[in-house]
Protein chains: 4
Amino acid sequence: MSDKQAFKPVRTKRAFEEICDQIRREIQSGTLSAGDKLPSERELAEQFEVSRSTVREAFRTLEIGGVLSLQKGVKGGAVVMQGDIKPITQTMEDLLSLGGLSLEDYTEARVILQREIIRLACERGTEEDFAAIEANIAELRAAGAGISSDERTRLTQEFYHLLALATKNRAISVVMSAFTEPLVYYIRKIGPDRSWDVAASRAKFLGHLRERDVDAAIAEMVDHMQRLHSYILSQNAAPGAEA
Amino acid sequence: MSDKQAFKPVRTKRAFEEICDQIRREIQSGTLSAGDKLPSERELAEQFEVSRSTVREAFRTLEIGGVLSLQKGVKGGAVVMQGDIKPITQTMEDLLSLGGLSLEDYTEARVILQREIIRLACERGTEEDFAAIEANIAELRAAGAGISSDERTRLTQEFYHLLALATKNRAISVVMSAFTEPLVYYIRKIGPDRSWDVAASRAKFLGHLRERDVDAAIAEMVDHMQRLHSYILSQNAAPGAEA
Amino acid sequence: MSDKQAFKPVRTKRAFEEICDQIRREIQSGTLSAGDKLPSERELAEQFEVSRSTVREAFRTLEIGGVLSLQKGVKGGAVVMQGDIKPITQTMEDLLSLGGLSLEDYTEARVILQREIIRLACERGTEEDFAAIEANIAELRAAGAGISSDERTRLTQEFYHLLALATKNRAISVVMSAFTEPLVYYIRKIGPDRSWDVAASRAKFLGHLRERDVDAAIAEMVDHMQRLHSYILSQNAAPGAEA
Amino acid sequence: MSDKQAFKPVRTKRAFEEICDQIRREIQSGTLSAGDKLPSERELAEQFEVSRSTVREAFRTLEIGGVLSLQKGVKGGAVVMQGDIKPITQTMEDLLSLGGLSLEDYTEARVILQREIIRLACERGTEEDFAAIEANIAELRAAGAGISSDERTRLTQEFYHLLALATKNRAISVVMSAFTEPLVYYIRKIGPDRSWDVAASRAKFLGHLRERDVDAAIAEMVDHMQRLHSYILSQNAAPGAEA
DNA sequence: GTGGTCTAGACCACT
DNA sequence: GTGGTCTAGACCACT
């Protein structure tokens with residue numbers, strides 16, 4: 001036997017993982033597509049020669065991953081979905097709260113990403129896109145100072161989402177969601193920055209967008225984001241320390 | 001009662017989901033941190049007043065999400081992890097194969113992201129980063145034309161990963177992985193492009209990186225990526241149609 | 001989803017089985033050969049990333065299969081062997097006692113196989129082979145009627161083994177062993193056939209062998225075997241019935 | 001004390017071996033039969049006055065030997081099987097790859113055995129047997145030149161198995177499997193012999209079989225086998241040398 | 001001895 | 001009739 005390490009670590013695959021793989025393979029090969037209904041749990045248990053619980057464990061995994069939707073009732077069953085971005089957002093949140101990702105890196109990446117979104121939005125955004133953003137800003141203004149925390153975060157998430165939609169690239173809006181939704185937790189924790197008129201800043205930004213003025217739009221937005229981010233970072237200097 | 005919608009849709013939260021939420025809340029609040037061990041399944045089942053299978057279902061969900069690691073044996077149990085980027089990559093793959101995301105949007109986003117990575121890598125990359133990339137290119141060259149499909153894709157993934165590491169921003173490298181790994185399936189399916197000297201292109205790119213020549217580096221890389229992407233897109237015009 | 005059954009039964013491979021496979025693969029590829037010593041259990045446990053008991057379970061499996069020999073002590077360890085025919089014989093015994101193989105089929109196959117052995121032995125047997133057989137017969141004669149059951153079966157096994165050796169084909173002698181050793185249990189159970197002079201029959205057979213008279217040798221031997229087999233079959237008409 | 005050697009070597013029988021022996025004895029005596037369930041690991045550990053792991057080691061040994069099947073779950077446990085030919089095939093493979101058996105002897109024995117199988121198949125084969133063989137040949141033909149390596153070897157194994165079944169003697173088909181399955185590794189290694197129309201040869205052979213023409217059938221088959229065997233032998237002149 | 005994996009089968013809610 | 005929940009008890013793996 002040579003001096004080199006000849007053996008690879010063994011990793012026993014669990015039954016439910018093997019089932020997930022087989023189902024995903026059918027999807028990749030095109031045998032199963034969005035909208036198709038899988039056989040019942042009981043029938044699949046027979047096909048896979050495992051117990052119903054093992055099939056359920058696989059179904060659950062794929063449901064969490066946004067691949068399947070499990071419906072109850074006599075007309076129910078497991079239906080193939082188009083996928084769901086939820087797991088991406090959830091994982092970003094987990095990475096942040098567990099320390100697998102620093103808030104610094106996260107916010108820096110968010111700014112970089114946002115710059116590219118603005119660039120594309122300036123290029124491809126339609127008046128419909130801008131009108132939707134305008135309505136969002138108007139709603140924020142209408143709510144006034146007494147706005148609830150829930151409403152404020154909802155409008156903020158919507159604002160960033162509408163902006164991402166103007167890029168006409170769904171992959172980019174998916175990633176932007178993953179870089180915005182987890183912030184909600186931090187924004188809630190620190191409360192609103194009352195010294196700053198968010199609606200006014202967004203309105204100015206929208207103006208630049210409509211004029212297709214990339215640099216001005218970026219300047220306005222990045223300024224706002226950096227202000228928010230540094231506020232969050234300063235408040236989270238020692239995350240979990242006070243718990 | 002106002003004219004606004006006053007009631008929220010009823011959604012019965014399943015037992016295991018409630019458990020996941022409780023555990024995640026403990027993590028976000030800092031009560032539980034990476035490295036901590038949870039009580040045994042049997043004990044938690046009693047605390048939550050559910051069966052052991054329900055606790056397992058929750059553990060499984062968090063394990064898939066990279067939040068927990070389930071270890072066997074007498075010193076085993078459920079340990080809190082730092083999070084795992086796997087679910088992000090997996091979800092991207094699912095979105096692509098299920099049609100929730102078009103290959104066009106995905107590849108466009110990949111190029112946009114790569115441009116920013118190169119910008120940062122030119123600015124922050126150290127000689128260590130470049131040496132690692134050089135070694136990767138050398139390995140590809142050494143393998144020659146007879147390289148196995150597995151080895152080729154491994155080296156490609158590593159190349160993009162090493163490049164992302166030079167940005168010194170983990171959030172960016174996480175996202176880049178999510179935009180590179182799912183491509184493996186497509187690259188495997190279409191086979192290598194033998195009319196193109198990948199190693200040479202990468203070597204030239206590395207030269208530009210070392211000279212901190214952002215524009216030249218971007219030009220070289222984007223050229224290569226667009227070539228690959230259009231090849232993949234042309235071969236996948238009708239995904240699943242031939243299955 | 002089509003009407004055809006799309007999924008295959010899942011079979012989870014256990015950790016020790018995966019280890020056995022990896023070791024066997026190294027042997028087939030020639031990286032490991034007879035006489036080589038494997039790393040220590042502790043080292044392999046690290047390489048495979050499993051516990052020592054799992055490595056032991058794999059070692060034990062390969063030891064039973066005749067692939068490894070486990071030596072105790074300071075110079076001990078797991079050494080690769082040349083293989084062992086024991087598992088073949090053992091499995092034949094198991095198949096017979098469990099009903100996976102009928103005694104009728106087994107004895108018929110034994111006669112067919114023996115005929116081919118005689119044919120080859122007539123063709124290739126040397127005087128050394130015949131002298132060894134002669135000595136075996138002489139020993140049986142010398143023991144006389146008071147021969148112990150153990151001694152009698154030992155000499156019978158040896159006789160058939162020496163004959164198989166005269167074929168100069170080890171594959172054939174391996175198979176013949178698998179068709180002779182399991183008979184011991186039955187012969188012991190029914191006791192010797194005192195109306196039949198076994199030594200005389202074998203001596204006559206040896207004479208034909210020396211004269212290279214295939215047909216006469218086969219006739220003499222097959223006659224004897226069929227007599228024995230029908231006696232065994234008659235006594236085992238209802239196997240296990242009297243238990 | 002006689003001049004003969006009076007003492008036998010001491011060989012400490014390991015605990016798990018003693019347990020295996022006891023269980024096998026119960027099977028041979030008919031106390032335990034195929035389909036019976038053994039007591040649980042915990043209970044047997046108490047009865048044998050050993051640890052649970054020792055019982056597991058014995059169970060494992062008998063499972064590998066095809067004597068027991070270990071089932072999980074509430075209705076699970078160790079169940080007695082009818083035996084399994086797998087260990088015979090596996091041992092043959094091991095003997096070949098470890099050098100305990102030469103490929104020359106092995107292939108010669110295979111031809112000798114095959115001749116006897118053809119003889120019996122001509123005598124006892126039914127139209128059902130021949131039709132099954134015909135279907136196998138048709139499947140090979142239908143697959144054409146683009147047949148996958150897996151499919152090709154599966155059909156070859158099936159062909160020889162169906163032929164062996166026509167002998168109506170299970171002992172013979174068991175041995176033939178042991179002389180065919182290990183060849184798969186070598187056939188895979190060397191790839192298909194494209195200069196030879198295997199399907200045509202098999203079809204001609206089947207014709208002779210149907211006409212009960214032993215000599216013609218043997219001639220056709222042995223010709224094919226010898227061609228294959230010499231090809232394998234020439235390619236494996238220095239096994240493991242190039243590794 | 002601990003915890004993970006899997007099983008068969010029960011009852012329930014839903015459609 | 002389907003998925004959702006739960007249980008007791010077996011083997012599997014680790015220390």
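In what follows, every chain begins at residue 1, and chains take the letters A, B, ... in the order their sequences are listed.
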Subject >> By side chain to side chain contact (heavy atoms under 4.5 Å, CB included) - contacts of Ser53(C) (at least two apart) >> reply: Ser51(C)
**OP:** For Gln71(A), answer base if it contacts any base atom (sugar-phosphate contacts may also be present), sugar-phosphate if it contacts only those atoms, and nothing otherwise; contact means non-hydrogen atoms under 4.0 Å.
**Re:** sugar-phosphate
Original post:
What integer distance in Å separates Leu70(A):CG from dT5(F):C1'?
Top reply: 14 Å
Original post:
Relative to the 5' end of DNA chain F, which residue comes earlier, Gly76(A) or Arg60(A), by the nucleotide with the nearest heavy atom?
Top reply: Gly76(A)
**OP:** Apply side chain to side chain donor-acceptor pair (under 3.5 Å) to Thr61(A) and list each qualifying residue two or more places apart in sequence or on a separate chain.
**Re:** none
Under 3.5 Å, which N/O atoms of the protein pair with N/O atoms of nucleotides 8-10 of chain E?
unit_1, atom_1, unit_2, atom_2, d
dA8(E), N6, Ser53(A), OG, 3.4

Subject >> Given DNA chain E, 5'-ward residue of the pair Gly73(A) and Glu49(A), judged by closest heavy atom >> reply: Glu49(A)
**OP:** Please name all residues satisfying side chain to side chain donor-acceptor pair (under 3.5 Å) with Ser69(C), sequence neighbours left out, ordered by chain then number.
**Re:** Gln71(C)
Subject >> Set of residues satisfying side chain to side chain contact (heavy atoms under 4.5 Å, CB included) with respect to Glu18(D), sequence neighbours excluded >> reply: Lys13(D), Gln22(D), Arg25(D)
Original post:
To the nearest 10 degrees, how far apart in direction are the end axes of the helix from dG1(E)-dC14(F) to dC14(E)-dG1(F), each fit to five base pairs?
Top reply: 10°
Subject >> Rounded distance in Å - NZ (Lys13(A)) to C1' (dC6(E)) >> reply: 18 Å
**OP:** Report yes if some heavy atom in the side chain of Glu17(C) is under 4.5 Å from a heavy atom in the side chain of Cys20(C); otherwise report no.
**Re:** no
**OP:** Specify the residue among Glu57(C) and Ala78(A) whose closest nucleotide of DNA chain F lies further upstream toward the 5′ end.
**Re:** Ala78(A)
**OP:** Under 4.0 Å between any heavy atoms, over every strand shown, what does Arg56(C) touch: base, sugar-phosphate, or nothing? Just pick one.
**Re:** nothing
Please report, to 0.1 Å, the donor-acceptor pairs under 3.5 Å made by any side chain of residues 78-91 of chain D, with sequence neighbours excluded.
unit_1, atom_1, unit_2, atom_2, d
Asp84(D), OD1, Lys86(D), N, 3.1
Gln90(D), NE2, Asp94(D), OD1, 3.3
Thr91(D), OG1, Pro87(D), O, 2.6

Subject >> Value in whole Å for how far the C1' atom of dG1(F) lies from CD of Glu43(A) >> reply: 13 Å
**OP:** Choose from dT2(F), dC11(F), dG4(F) the nucleotide whose nearest atom is closest to any side-chain atom of Glu41(D).
**Re:** dC11(F)
**OP:** Only counting residues at least two apart or in another chain, list the ones meeting side chain to side chain donor-acceptor pair (under 3.5 Å) with Glu41(A).
**Re:** Arg52(A), Arg56(A)
**OP:** Using side chain to side chain donor-acceptor pair (under 3.5 Å) as the criterion, list what pairs up with Glu57(C), not counting sequence neighbours.
**Re:** Arg60(D)
